[in-house]
Amino acid sequence: MKHLFSGGVHPQGHKELSRGTAVVTVPAPETVVIPLIQHIGSACKPLVAVGDRVLMGQVIGDGDAKSSPVHATVSGTVTAIEERAVPSGGSAPCIIIKNDFKDESVEFRGAADWESLDARAVAELVRAAGIVGMGGAAFPTNSKIASTAGRTKDVLINACECEPYITSDDTIMCTATADVIGGARLLAKVLGAEKSIIAIEDNKPEAIEALRAEAGDDPLVEIRVLPTRYPQGAKKQLILAVTGNEVAPGARSGALFNVTTTANVYRAVTRGQPLLEKIVTVTGEGAEEPRNVLVRIGTSFADAVKAAGGLKEETVEVVAGGPMMGKAVESLDVPVVKGTNAILCLTKLAERNAEGPCIRCGKCASVCPMYLQPLYMYRYAKEGMGGELKRLNLEDCMECGCCSFVCPAKLPLTETFVLAKSLLKGGKRA
Amino acid sequence: MNLNISSAPHIRSSDNTRKLMLTVLVALVPALIAGVIVFGVRALIVVAISMAASVATELVCGLVTGKKASVTDGSAAVTGLLLALTLPASVPYWMPAVGGVFAIVVAKCLCGGLGQNVFNPALAARAFLMLFWPTALVRYAAPGALGLANNVDMVSSSTPLQDMSRGVLPGDESLLDMFLGNTGGTIGEVSALALLIGAAILLATRTINWRIPVSYVGTVAALSLFFARGDDPIMWMLCSVFGGGLLIGAIFMATDYSSSPTSPLAQLVFGIGCGALTILFRYKSLYPEGITYAILTMNAFAWALDRYLPPRRFGVAKGGPAQ
């Protein structure tokens, strides 16, 4: 049965810029900067002190159950524990390690026989490896495993990668296919589900073929190909597209894992491999040689961009993530973190307020995948009318950017809602 | 290197207001061509005067209000063209000029400008002209090229709707005449074929959606079938749909962005309301045509319809309690 989510847009993909090029390994840098919070939840506390020698893979920060541990991604000496700029904006406490280039590693030990493990044991291994959601939210994956075990019919693996430009998930699926399928099997078994459904958009034919070949006729894994449309990879839209069900406001969305997260879960469980490096798409019209790079967490954006030939002079904005939901960074002096999937170098700024007032064409409402009425929300947000914004369910807005993208007057709709949401939460205007 | 910091999204579609207005103008070209073929060059002059007056007035309004020159967005040109298409080709030349000024000054600028007007400016101007000079607007030119001098008394003919307002099926025209435009009427309304081509352009480019035109025309069709007069209900219904201003109203007027609702259910109710009022006015009012007043009346409810018939909340079942 075919389901579709409603609304959405078709921005130009630009995926060809970075797809298919060989993955370049970024040399380990002189120093790595490891933020103590790289996930949704509470921050880690440093477990090392300045001057300590650390090994690659050693846990250097950990916290309560709502956190995810961070690891040293090189061997060397801790030179500072201080606030540094991070890609999510502002700064965060970070552990800075001077690389001794020996790559002396702690021993990784996985569970060769993962089929004998229960969900709790798997969640522990996943937590120890510092795995968080790679699809954007960076929610600790162990928490999701623990909360959905035994309560889910199907596990959903999100391989949509619906943001334009980004091809890092695509690259993982093509180059680490066995880990993806292994992870899909593992999650289905461990969570007591019937099967894992890998949902992928039809603009990734090589990945689809690779996954199909690897999965064979395993009843635990289904590859579901969906027509390409943004924001299909948003969790509520993906659940709607795959199952036909709408998640109620405020309800939990269940067992949904990003495809790179899935591969990382497999590596963590079977090999005990913590999250030390990741594939990042360095792309955009401002990158000299757009490509995917394999980079240690804590490496600066500058070093990662250098591996893609560096920035063109025309670059005006660098975004951590995709063009629809990514966050612009102040400088390239921020570290790659667990949740970084792309470094997008743009040569053109989005037009804003360039075309006069709202003409009530209603395109914003027709593309809103959450059935909101952005034209009215914008009006009320400008007037500071919190009560009206609540009536219009502003809280349902997931900031996907479709309304701003499509607005013929180039009004900053999403941009305004992001601000209005934080003001409403703070109760300042309510 | 200095980097900009702007918030997401960082890309925009290539659509803009000017392109939308241009699309509407292009979609009106078939109707304009049909009008010129049927009524001659005089129709073209009426259109040119109306558009020039509207655009010039918009320019002056922009200067007076100090708002960014809104002439370039093309909306005033659309208003001018729409207004002219609702007038008979035989109107005196000053009339489209007066109408254009009224549309822009009163119906648009005084309401706050583009996107703020409650009533469709072209139809508001037509209603204004009807108030003062009704004879010029209901004496329709017969098909066939008009002389450039104004001699409406010599050429006025009856239209299908004028026959129907007396309770009889149109005597002179066949259905094919109405479909192609070989009939009396206003410049833009006579050719159903040309208007349907325009509709196809608007729908294909997603400038409008189907809801308002279909619910509007559907309602008129259903009600005229139900309340048919004469001995052939189907013919009565078809003449009601093709014989007057319904198509130009449903396709181009009722879908005006500013003065129509945006939520899907509200659009359906809006279209049904327009259709019901059109039938009421056609049957019970002094004039044979009811499109102008039907749409203007529903315009007043556009914002309220959006407010009280909003889209269903995501994740809440139809008819279920809003959380």
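Within every chain, numbering begins at 1; the chains are lettered A, B, ... in the order of the sequence lines, protein sequences first and strands thereafter.
- Of the two parts of B/Asp306, the backbone and the side chain both hold a non-hydrogen atom closer than 4.5 Å to a non-hydrogen atom of chain A.
- Counting heavy-atom pairs closer than 4.5 Å to chain B, the top-ranked of the candidates A/Leu413, A/Val247, A/Leu344 is A/Val247.
- With chain B as partner, the option from A/Leu346, A/Leu372, A/Leu349 having the largest number of non-hydrogen pairs under 4.5 angstrom is A/Leu349.
- Here B/Ser7 is the residue among B/Ser263, B/Gly113, B/Ala302, B/Ser7 with the most heavy-atom pairs under 4.5 Å with chain A.
- Residue contact with chain A, scored on non-hydrogen atoms closer than 4.5 Å, involves the side chain of B/Leu20 exclusively.
- Of the possible donor and acceptor atoms, one in the side chain of A/Glu317 sits under 3.5 Å from a partner among the backbone N and O of B/Ser6.
- Within a 6.0 Å radius of NZ in A/Lys235, no more than 12 heavy atoms belonging to other residues, nucleotides or ligands are found.
- Heavy atoms of A/Glu388 lying under 4.5 Å from chain B belong exclusively to its side chain.
- Using the six-membered ring where Trp is involved, A/Tyr371 and B/Phe314 have ring planes that are tilted, between 30° and 60° apart.
- Using a 4.5 Å heavy-atom cutoff, the side chains of A/Thr414 and B/Pro9 are in contact.
- Between the side chain of B/His10 and the main chain of A/Gly326, a donor-acceptor pair closer than 3.5 Å is present.
- Side chain of B/Ser13 to backbone of A/Phe405: a donor-acceptor contact under 3.5 angstrom is found.
- If you measure heavy-atom distances from A/Pro369 to chain B, the contacts under 4.5 Å come from the backbone alone.
- Looking at B/Ser75, there are no atoms closer than 4.5 Å to chain A (heavy atoms on both sides), in backbone or side chain.
- Residue contact with chain B, scored on non-hydrogen atoms closer than 4.5 Å, involves the side chain of A/Val319 exclusively.
- Looking at A/Cys361, both its backbone and its side chain come within 4.5 Å of chain B, counting heavy atoms on both sides.
- When all heavy atoms of B/Thr262 and A/Gly362 are compared, the pair lying nearest together is CG2-CA, 3.8 Å.
- Looking at B/Gln267, neither its backbone nor its side chain comes within 4.5 Å of chain A, counting heavy atoms on both sides.
- Within a 6.0 Å radius of CZ in B/Phe301, other residues, nucleotides and ligands contribute 12 heavy atoms or fewer.
- Per-residue counts of heavy-atom pairs under 4.5 Å with chain B were compared for A/Lys410, A/Met370, A/Glu246; the largest is that of A/Glu246.
- The parts of A/Ser404 that come within reach of chain B are both its backbone and its side chain, each placing non-hydrogen atoms under 4.5 angstrom from that chain.
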Test log, rule side chain to side chain contact (heavy atoms under 4.5 Å, CB included), inputs B/Leu3 and A/Glu330 = CA-CA 6 Å; B/Leu3 294 175; A/Glu330 283 174 44; over 6 Å; no
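- For A/Arg360 (side chain) and B/Ser260 (main-chain N/O), a donor-acceptor pair under 3.5 Å exists by modelled atom type.
- For chain B, the option among A/Lys363, A/Met324, A/Gln12, A/Lys348 with the highest count of heavy-atom pairs below 4.5 Å is A/Met324.
- Residue B/Pro264 does not touch chain A at all, counting heavy-atom pairs closer than 4.5 Å.
- Between the B/Asn4 side chain and the A/Val316 main chain, a donor and an acceptor come within less than 3.5 Å of each other.
- Looking at A/Leu375, only its side chain comes within 4.5 Å of chain B, counting heavy atoms on both sides.
- Between chain B and the options A/His10, A/Arg352, A/Glu399, the largest number of non-hydrogen pairs under 4.5 Å is found for A/Arg352.
- Side-chain contact check for B/Pro310 versus A/Leu392: every heavy-atom pair is 4.5 Å or farther apart.
- For A/Gln373, the part lying under 4.5 angstrom from a heavy atom of chain B is the side chain only.
- Side chain of B/Arg12 to main chain of A/Glu351: a donor-acceptor pair is present (N/O by atom type, distance under 3.5 Å, no hydrogens or angles).
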